[in-house]
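This chain uses plain numbering: 1 for the first residue, then up along the sequence. These numbers were taken from a predicted model, which means no experiment stands behind them. Both ligands and their constituent atoms are indexed starting at 1 by order of listing.
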Amino acid sequence: MLLVLCMVVPMLGLSALAVDKMTNDPGSTKQWGMKAVGMDEAWAMGPTGKGVKVGIIDCGLSTLTGDISRSRVEAGPNYTGSIGDSATDIEGHGTFVAGIIGAEKDNRVGIAGVAPECDFYIVKALSDMSQAVYDCVDAGCQVINMSMGTTYSDEALKSAIEAAEAAGVIVVASVGNEGDARFNYPAAYPSVIGVGGVDQNLNVCEFSNKNDSVFVVAPGEKVASLSLLPGVVSTMDGTSFSAPYVAGLAALLRQMNPSMTSAEFQEILAATSKDLGEPGYDTAAGNGLIQVPAALKYAAEKWGYELNDTSAPTEPDEPDNPGTGWNIFDLSWIRNLFQSIIRSIFKNWTPNLTF
Ligand SMILES: [Ca+2]
Ligand SMILES: [Ca+2]
């Protein structure tokens, strides 16, 4: 089976447009994509993906980045033959995808993801997509992200996707980077949310495939996320990195309503995404660019869910450098304690101890 991860070879040179700092994560100013989908507002609205298990079928997830704690990651099967279990990654694609979905927010490391408190179930698979889908369903995933595709339909994969739909699991997939009208599977199956990419000017990326498998678009160029180097944020291009924004949104909505179906998710996306290009649905931008605050509000209204009131004035953020006064980062009390213990042990004959 010919299968490609939906990434574009990174181009050196232009860097992403900087945006205002939205969180205390150092890569925040590179996260133009989070701003474009409204996360600067949505992070304060309440849902964080807590309690929702997101399956990622990819090349693994490295927990050495320091921005997705090991306790959030369940390692599923590894079908790739690469070393390590599924909670490792030597290529970086899966880790980058996971960061967009759910990197921890305001922990002063890396970036912030759409659903910063979701749980992850990782299957390392690059050719056994259908088995990996069954694994995610069996593991109780509510959402599956597949930033990959193959250009011909395969009965086994089709059946697996149907089984996921029957089990109420929402599958999100990238539409592919050939830049033409060809279909990629699983994105082109009707129950799967196919996601294309836009650049920083909200134009549909040239490489993003254009056909009726495109349900919505999300940032796909110079997308910032976690590299394999701890603490280092990099930027990448590809519809691989658009799908995880939508998977993250699915996790937020699934927290609000654990029984949301794929059809309901499609209804919410179609009603709340920002139309781009030709008026109405088109095969380049689908129903438009996802808008997370509008989607959460629409869903809250639909389900009678109470979101945080973000119109109320909020407390100013804690400054990055704590000022004068007591703070937990001042460890001089430990030094003082040790000094007094050592002094009491050595009594009067160690007057010149210094720390
Ligand atoms: Ca972070
Ligand atoms: Ca349009």
Going through the checks in order, is the side-chain contact (heavy atoms from CB on, under 4.5 Å) test met by Phe183 and Thr151? CA-CA 6 Å; Phe183 289 98; Thr151 49; over 6 Å; no
Is there a salt bridge (charged side-chain N to carboxylate O under 4.0 Å, His left out) between Glu178 and Lys210 once you walk through the steps? CA-CA 9 Å; Glu178 287 88 8; Lys210 283 118 190 137; over 6 Å; no
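Inspection of the environment of the Ca ion (ligand 1) yields the following protein N, O or S atoms under 3.0 Å: Asp25 OD1, Asp67 OD1, Asp67 OD2, Glu104 O, Asn107 OD1, Val109 O, Ile111 O. Among protein atoms, those of element N, O or S found less than 3.0 Å away from the Ca ion (ligand 2) are Asp275 OD1, Leu276 O, Glu278 O, Gly280 O, Asp282 OD2.
Ion pair Lys297/Glu41 flagged as a salt bridge, since at least one NZ, NE, NH1 or NH2 atom sits closer than 4.0 Å to an Asp/Glu carboxylate oxygen. Salt bridge Glu117/Arg72: absent, no basic N to carboxylate O contact under 4.0 Å. Salt-bridge annotation for Asp119 and Lys53: absent, with no side-chain N of the basic residue lying under 4.0 Å from a carboxylate O of the acidic one.
Partners of Asn107 according to the side-chain hydrogen bond (donor to acceptor under 3.5 Å, both in side chains) rule, which considers only residues two or more places apart in sequence or in another chain, are Asp67. For the side-chain contact (heavy atoms from CB on, under 4.5 Å) test, residues two or more places apart in sequence or in another chain that qualify with Thr29 are Lys21.
Under the 3.5 Å distance criterion, the side-chain polar atoms of Gln31 are matched with a main-chain donor or acceptor of Ala112.
Using a 4.5 Å heavy-atom cutoff, the side chains of Leu289 and Leu202 are in contact.
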